[in-house]
Structures are given as structure tokens and as C-alpha cells.
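Everything below concerns the one structure shown next.
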There are 2 protein chains.
Amino acid sequence: MPWQHPNTALYTDHYELTMLQAALHAGTADRRSVFEAFARKLPDGRRYGIVAGTGRLLEALPHFRFEEAQLEFLGATGVVDDRTLAWLADFRFTGSIHGYAEGEAYFPGSPILQVEASFGEACILETLILSILNHDSAIASAASRMSRAARGRPCIEMGSRRTHEESAVAAARAAVIAGFDSSSNLEAGRRYGVKTVGTAAHSFTLLHDSEVAAFEAQTASLGLGTSLLVDTYDVEQGVRNAVAVAGNKLGGVRLDSGDLVTQAQWVRELLDDLGNTSTRIMVTSDLDEYAIAALASAPVDAYGVGTSLVTGSGAPTAGLVYKLVSREGTDGNFVSVAKAAKNKASLGGRKYALRRLDSRGRATAEVVGVGAQPADDGNDRELLTTFVSGGTIQESWTGPAAVVRARQRHDASLAELPPSAHRLQRGEPVIPTEFEEETR
Amino acid sequence: MPWQHPNTALYTDHYELTMLQAALHAGTADRRSVFEAFARKLPDGRRYGIVAGTGRLLEALPHFRFEEAQLEFLGATGVVDDRTLAWLADFRFTGSIHGYAEGEAYFPGSPILQVEASFGEACILETLILSILNHDSAIASAASRMSRAARGRPCIEMGSRRTHEESAVAAARAAVIAGFDSSSNLEAGRRYGVKTVGTAAHSFTLLHDSEVAAFEAQTASLGLGTSLLVDTYDVEQGVRNAVAVAGNKLGGVRLDSGDLVTQAQWVRELLDDLGNTSTRIMVTSDLDEYAIAALASAPVDAYGVGTSLVTGSGAPTAGLVYKLVSREGTDGNFVSVAKAAKNKASLGGRKYALRRLDSRGRATAEVVGVGAQPADDGNDRELLTTFVSGGTIQESWTGPAAVVRARQRHDASLAELPPSAHRLQRGEPVIPTEFEEETR
């Protein structure tokens with residue numbers, strides 16, 4: 001379905017434009033530069049992270065244009081001078097962008113995105129790039145843990161109401177990339193082809209004169225395959241009412257409160273006793289990956305996950321940074337650069353990145369280095385791919401098709417990791433990042 | 001500056017539309033209903049919350065329209081039937097919305113927003129309302145603690161890169177409502193008149209052949225009043241270079257790493273020794289309200305706050321819920337309703353809300369009740385105001401003017417609270433919520 005992407009030029013920090021102005025004035029804005037986005041560490045004892053947002057970034061990039069409305073604001077408020085305004089009016093991204101495929105696992109130091117362009121062009125994209133990658137990767141990284149904890153049972157994203165209305169759309173997209181089955185978010189369905197699902201809330205039961213009347217209204221309109229919410233009043237009576245109304249064709253019941261483990265057990269027994277052996281049980285009360293894991297032995301058929309998913313389950317941002325790692329010197333040659341402050345050291349220079357695999361195809365290390373890439377020993381997988389080349393966006397990484405592709409990448413990437421990747425308790429990254437010297 | 005608001009109709013959970021369909025089929029969609037948005041509790045031991053997002057909601061409401069693109073998606077995917085599509089095509093909100101003024105303090109059970117409309121009209125707004133209020137109130141609640149901890153020193157919002165690109169705009173707006181001075185986010189400047197600020201990043205220093213060259217480039221273009229980032233290499237040399245380049249007219253230096261308390265001390269002494277007594281010190285390294293409080297005795301002139309602000313400082317969502325509390329019965333009279341599940345009890349019926357003040361104007365309780373409001377004893381402040389009346393939006397609660405108004409409400413509301421509201425450690429809400437019986 002067509003979607004009119006908004007202009008993205010002012011999703012930008014003020015200082016990017018003042019840096020541009022100063023660099024134009026100093027004659028340094030045209031220096032060829034390489035910026036890299038990476039995480040110094042994984043949040044919160046996580047074993048791996050999942051890259052997400054790359055497709056959204058590529059969709060946003062053509063709309064990063066300084067049009068009349070943007071220029072008028074910048075001029076009227078004096079953010080930058082006329083010369084800079086003229087440069088911005090002409091701006092089109094002409095550089096190249098490489099990085100990890102969306103859905104790929106990442107580790108500390110993984111060069112998730114590399115932007116190669118003039119300093120001016122690369123500098124002003126900083127906030128857009130980081131906002132999208134930090135949000136979407138945080139959600140995907142949490143979603144991946146949840147979908148693995150569910151061990152094949154479907155997870156449904158339903159957290160839209162607990163996050164910003166646009167974040168909600170991106171969160172639904174990121175969740176599906178990282179293993180979720182579907183989402184409640186309709187806009188995610190429209191933009192990205194995400195499958196949307198939903199049935200009814202407590203308010204629907206309360207609207208009607210009795211629970212039976214509400215169930216009758218729902219099944220009459222949505223069919224017997226619908227899921228009925230049975231915990232508005234008394235759960236046992238709710239299940240009995242649901243079966244009385246819908247018979248053994250009832251699609252499902254939803255539990256949204258209480259001790260879900262024991263409740264799912266006896267609700268399953270009750271349903272079976274009533275002859276509803278194929279009626280599914282869906283649970284939806286404040287689930288996170290730990291609660292999902294705790295429900296593994298309970299007869300649950302689907303998990304609805306809200307707050308915890310859209311807030312990254314304790315890590316609402318991926319903490320990615322965007323750093324200048326190399327730039328052209330006065331002699332025209334590239335110079336590796338790195339900030340020297342001791343507590344925030346960065347490795348200078350443009351990186352290559354490989355996932356080292358053993359002979360059985362199991363990942364053993366993330367190899368990140370500067371300079372010439374080592375010869376492939378047959379078991380390495382190259383991680384960097386091309387998204388933008390000389391300003392031309394590879395459209396295959398955008399739109400609904402990119403979501404399907406990213407999901408495949410996610411599943412394949414996780415299949416490669418050691419089984420301990422799926423441990424939920426805090427720990428070290430499941431494979432080490434090995435930084436190779438430039439002079440190998 | 002004009003801003004083209006996007007269509008908001010599909011910022012909606014699937015089940016709202018299927019409930020609408022079922023209610024249309026059952027003849028209950030037209031029942032007059034009252035929904036309320038409220039928090040069952042404050043996050044994380046907070047003493048108070050701050051309402052934010054109301055203005056954004058009122059701006060979004062006229063764009064909640066099911067136009068061709070939305071209807072085509074809903075029809076093609078079969079989310080709802082043709083009758084429901086026809087109802088949606090004609091949808092205009094014709095109800096009324098009351099609630100707490102934006103910027104107001106709130107407590108558990110405060111009826112922050114009340115929507116009075118047919119069930120159908122009120123039901124389909126659930127996600128839009130909650131997404132906006134939950135995000136913006138979470139940010140404002142965190143921002144308020146930070147701005148109070150800063151004790152009058154300016155706080156600058158600079159977290160755009162650590163949250164979704166649209167959340168970033170809303171976060172800047174919410175931060176300014178709750179006491180922040182300005183933001184780095186340019187789009188927030190354009191849409192809401194938020195003051196934007198910014199200078200330079202480490203990459204700007206690294207782009208140049210030396211720190212001195214970078215400082216010369218920046219001051220030549222942005223003037224001596226700019227702030228120079230002095231910690232790319234060695235902080236002491238950075239300060240000396242900054243003063244050598246800019247002299248004693250230098251506006252400020254920014255510290256972005258290290259032990260900020262001791263660093264600010266000796267940087268202040270060094271600046272003073274060099275004659276730069278009016279050069280300001282700004283600090284920006286992973287600050288939250290606790291770090292800000294710890295810097296109270298340090299010679300810091302401004303705080304730049306990023307990640308912690310935009311992620312709600314540990315509470316990224318306000319946890320507001322939207323519940324049907326009253327609806328028309330078959331006899332045309334209103335019936336109070338409440339979900340009976342014991343662990344999630346809600347008080348049925350439409351609420352009034354007062355802030356009880358003592359004779360000195362100090363808040364002593366949040367009084368929330370159902371039915372007739374008690375006679376004012378002269379010290380109560382009514383908290384509910386009218387935002388939408390019979391479908392007509394009160395425009396004075398929207399746009400840049402609403403941000404200014406909300407900031408005033410925030411400051412006045414906090415001035416009323418007991419001083420212990422400003423304690424940062426975990427505790428109970430600073431005033432109790434008293435629920436009054438309906439039969440008083």
C-alpha cells in the first residue's frame with residue numbers, strides 16, 4: 001500500500017548543521033570521510049544484539065531534503081548562515097553506505113553501518129541514522145530473546161499503546177524481523193505487510209449487558225474462530241460462557257491477568273472437559289522473555305507481548321554511536337582517526353567484518369579489523385553488504401520485501417550461534433569480538 | 001512554521017476495529033460511553049508524574065480520518081467488513097474530551113483524560129490516546145525530576161539519537177514542558193517553537209589537522225560565544241587551546257567524558273587562571289537526575305541530557321491505561337462499569353478530580369471521586385478542563401502556544417507540592433489519592 005514518507009531533514013541535531021557551516025567556512029567540509037555506527041557494548045548482559053532499522057533508514061534517506069519549509073525555519077531562526085542554507089538546498093546524498101544486513105546478529109564493535117561520503121554529507125545524517133538504528137535494534141534485540149524463549153509458539157506484538165505512535169509502527173516491524181508472528185498495529189500492516197491480529201478488550205464485555213451478550217455479539221460478527229477474552233469477571237465462568245456461546249468450534253480464549261501458569265493449566269483442562277480440545281489459549285499479561293520462558297511447560301498456544309517488547313525489555317536504546325574513523329588528509333590520503341579520551345576509546349580506520357565459523361558452520365568469533373581483509377580460510381562469512389553506492393539506494397533492502405528478507409537473515413544468523421546464545425541470564429557476548437591489527 | 005500532520009487513523013490496534021464491527025452488528029456501538037485514561041501506580045518509586053502529550057493528541061485528532069489509503073488497506077486485508085468500512089469512512093469525532101491540563105502533576109488514579117462519546121467513537125481512539133500520553137508523560141515525568149535536580153541551572157535535551165526519530169521530537173517537546181531550557185532537535189524547533197542549540201562533536205575536531213585548527217574553524221564561523229568541546233584529546237591542553245584561540249570572550253567549554261565533578265572543578269580553576277571567568281562549563285556525559293544532583297556543588301553552568309531523558313530514566317512508558325468506566329444501559333441511563341478481576345480493579349463511573357490545598361496553598365491530597373463533586377471548601381483546585389466539546393477542539397491547547405502554557409502549568413503545579421516531591425530516592429507519591437465514595 002502506498003505510504004507518503006515525511007520529510008526527514010530536521011530529524012537532526014542542531015550541531016550537525018553548525019559543524020557543517022564551520023567546515024564549509026574552513027574548507028574542510030568536502031574532505032572524504034568514513035563514519036561507522038557500532039555498539040561499544042551490548043546492553044544488560046545480553047548475549048547478542050540484532051540489527052534492525054536499516055530498511056527504514058534507506059526509506060528515509062531520499063526524503064532527507066531541505067525544502068522550502070525546512071530552509072525557512074533554519075533561516076528564520078538563524079541556525080546557519082546563507083551559504084550553508086544554499087549548500088543544504090542542493091543536498092543530495094552522493095556517498096556510499098555499507099553495513100550488516102538487517103536481521104543479522106551483532107556484537108560489541110561490530111561495524112553495523114559504514115557511511116563513506118564528504119564530511120558534510122556524512123555529518124548531517126548522524127541523528128537520523130542513530131535514531132532509527134538505536135530504536136529498531138533495541139526492539140529487535142529484545143524481540144529475538146522473546147521469540148526464542150517461546151520455542152516455536154507464536155508471539156504477537158501488541159505494545160503500540162505503551163510507546164510513541166510512530167515508534168509503535170517501527171517496533172511492530174522490528175518484532176517481526178526478530179521472530180514475532182504478527183502485530184496488533186494496523187499501520188505496520190499497511191506500510192510493511194506485517195500480519196495484523198486482534199479480537200476484543202475488556203471494554204467490549206463491559207459495554208454489553210452480560211458477558212454472554214458480549215460473546216454472542218463478538219462471535220456473531222467475527223465468527224466462531226475468534227478469541228474470547230474470558231477474565232473480565234470470573235475466569236471459570238468466562239470459559240464456560242465462551243463454550244456455551246461458541247461450542248467446540250471456538251478459536252481461542254485469552255487470559256490477561258492472574259497467575260498465568262496455573263490458570264493456563266486448569267483452563268486447558270476445563271476446555272478439554274467441555275470438548276474444546278482445539279480451542280487455543282493465548283496469554284497477554286505483562287509478558288517478557290522471562291515470563292515466556294516460565295510458561296514453557298504450561299499449555300499456552302500463543303503469547304501477546306506489549307510493554308516489555310516496545311521498551312526493549314530493560315534496554316530501550318541499543319546505545320549505538322556514530323564515529324568518524326577515517327578522513328582525507330591535506331595530501332588527499334585517508335588518515336585513521338580516533339578520539340583519545342581513555343574511557344571512550346574507538347578503533348580508528350575503516351573496518352572489515354567477518355563471522356568466523358568452525359567446520360560445522362558454528363560461529364566462533366566476530367572478527368573486526370582495519371586495512372586489508374585476511375584471506376578467507378573457507379569458514380568465514382563476510383558481514384558487510386552494500387546498501388547505497390554513489391548515492392544510489394539498493395531498493396531490494398526497502399519496503400515489505402526487506403522485512404521478509406531480514407526475518408530470514410535473523411533466523412539464519414541465530415541458527416549459526418552457539419546454543420548458549422539463547423540463555424536469558426546475564427552473561428558475556430556469546431562469541432568474542434576479535435580486533436585485528438592493521439599491520440597483519 | 002507550517003507542518004503537515006500525517007494521517008493518524010491506523011495508529012490503532014486491530015482489535016479496536018473488530019470490536020467496532022461486532023458492536024455495530026450487535027447494535028451497541030452507539031451506546032454513550034465514558035472512557036478514562038489513568039495510571040494505576042507511578043513508575044519506580046516516583047513521587048509524582050507529569051501529564052504531557054495532550055496538545056499532541058489534540059493536534060492528531062483532526063487527522064484521525066479513514067481516507068482512501070486507510071480504507072483500501074482495511075478492505076484488502078479483510079480487517080473489517082463493508083458496513084464497518086462505511087462507518088469508518090464517515091467517522092468524525094463528535095464527542096467531548098476533558099482532562100488534566102498538560103504540564104499538571106498527576107498521581108495514581110488521577111483521571112488524566114476522559115473521553116465521552118459513543119462506544120464506537122471512543123473505542124477506536126484508544127491506541128492513539130495511550131501512545132501519545134504514555135510516551136510524552138514518561139519523558140516529562142523524568143524531565144521534571146532532572147530540571148528540579150538542576151536547581152535553576154539550564155538543562156538541554158540532546159537525546160534524539162537514542163530514540164525513534166519521531167519520539168525524539170515529542171521528547172524534546174515534553175522536556176521543555178517539564179523544565180528544560182532547550183533541545184538539540186531541529187524538528188521540535190520547527191513544529192513547537194522549542195529553542196534549539198548545539199555546537200560541535202568530536203568528529204569535527206578529528207576532521208581537522210589539529211585541535212587548534214578545529215577550534216579556529218569553529219570560532220571563525222560561529223563566533224567566540226560558541227562552546228568548544230575540549231576532551232577529544234587531553235582536557236587540560238584542550239582548555240588551553242580553546243582559550244588561546246578564542247581569548248576571554250570564549251562562550252563555553254563542553255566536557256563529555258571522565259569524572260565530571262573533579263574535572264569541572266579544575267577546569268573552572270584553569271579557566272579562571274587564564275582570565276576566562278565568564279566562560280561557561282557545560283557537561284554532557286550520560287547524565288540522569290542522580291548525576292545532575294551529584295554535580296550540584298560543582299561549578300557547572302549547564303547540563304546536556306541525552307539517553308536517560310528520552311528513555312524516561314528507567315521508566316520509558318507511563319503505564320497509563322484507558323478503561324470504560326461508564327456507559328449507557330438499555331434504559332438510556334448511564335451504568336458504572338468496572339472490570340472485576342481482583343488484581344486489576346478499576347473504580348467504575350465518571351470521575352471528578354480536585355487537588356486539595358491547605359490554607360497556605362500547599363497540596364495535601366488528590367481527591368478523585370464518582371458522582372457529584374463535593375462543595376469547594378475554598379482550598380480545592382479543580383483539575384479537569386475541557387479540551388474537546390461536541391467534536392470541537394479548543395485550539396488554545398495546541399501548537400507552540402500550548403507548550404508555553406504547559407510549562408507554566410508544570411512550574412505552578414510543582415510549586416504547590418510539598419518539598420519532599422523533589423526527593424530523588426524511591427518513595428510513595430508525595431500526596432495520597434483519596435477515592436471518594438459515590439454516595440457521599
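Everything quoted here is computed from the prediction, not taken from an experiment. Chain A is the first sequence line, chain B the second, and so forth, proteins listed ahead of strands; every chain is numbered from 1.
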**OP:** Go through the atoms of Leu133(B) and report whether side chain, backbone, both or neither lie under 4.5 Å from a heavy atom of chain A.
**Re:** neither
Subject >> Pairing of Asp286(A) and Arg162(A) as salt bridge, 4.0 angstrom limit >> reply: no
Subject >> Residue Val321(A) versus chain B: region with a heavy atom under 4.5 Å >> reply: side chain
Original post:
chain B heavy atoms under 4.5 Å from Ala170(A): which part of the residue, side chain, backbone, both or neither?
Top reply: side chain
Original post:
Given that the side chain runs from C-beta out, which part of Phe35(A) has a heavy atom under 4.5 Å from chain B: side chain, backbone, both or neither?
Top reply: side chain
Original post:
What part of Leu17(A) lies closer than 4.5 angstrom to a heavy atom of chain B: side chain, backbone, both or neither?
Top reply: side chain
**OP:** Kindly say whether Thr307(A) contributes a backbone atom to a donor-acceptor pair with the side chain of Thr311(A) at under 3.5 angstrom?
**Re:** yes
Original post:
Which residues satisfy the side chain to side chain contact (heavy atoms under 4.5 Å, CB included) test with Ser167(A), sequence neighbours excluded?
Top reply: His135(A), Thr163(A), His164(A), His164(B), Ser167(B)
Original post:
Applying a criterion of heavy atom separation less than 4.5 Å, what residues of residues 18-28 of chain A form contacts with chain B?
Top reply: Thr18(A), Met19(A), Gln21(A), Ala22(A), Ala23(A), His25(A), Ala26(A), Thr28(A)
Subject >> Engaged part of Val310(A) at the chain B interface, taking heavy atoms whose separation is under 4.5 Å >> reply: neither
**OP:** Please name all residues satisfying salt bridge (Lys or Arg N to Asp or Glu O under 4.0 Å) with Asp259(B), sequence neighbours left out, ordered by chain then number.
**Re:** none
Subject >> Salt-bridge present (Glu16(A), Arg161(B); N to O < 4.0 Å) >> reply: yes
Original post:
Considering residues at least two apart in sequence or located in another chain, which fulfil the ring pair (Phe, Tyr, Trp, His ring centres under 6.0 Å) criterion with His5(A)?
Top reply: Trp3(A), His63(A)
Original post:
Which bit of Val197(A) comes within less than 4.5 Å of chain B, counting heavy atoms only: side chain, backbone, both or neither?
Top reply: backbone
Subject >> Region of Val335(B) in contact with chain A, defined by heavy-atom distances below 4.5 Å >> reply: neither
Original post:
So which of Leu130(B), Thr199(B), Thr219(B), Leu186(B) has the largest heavy-atom pair count under 4.5 angstrom toward chain A?
Top reply: Leu186(B)
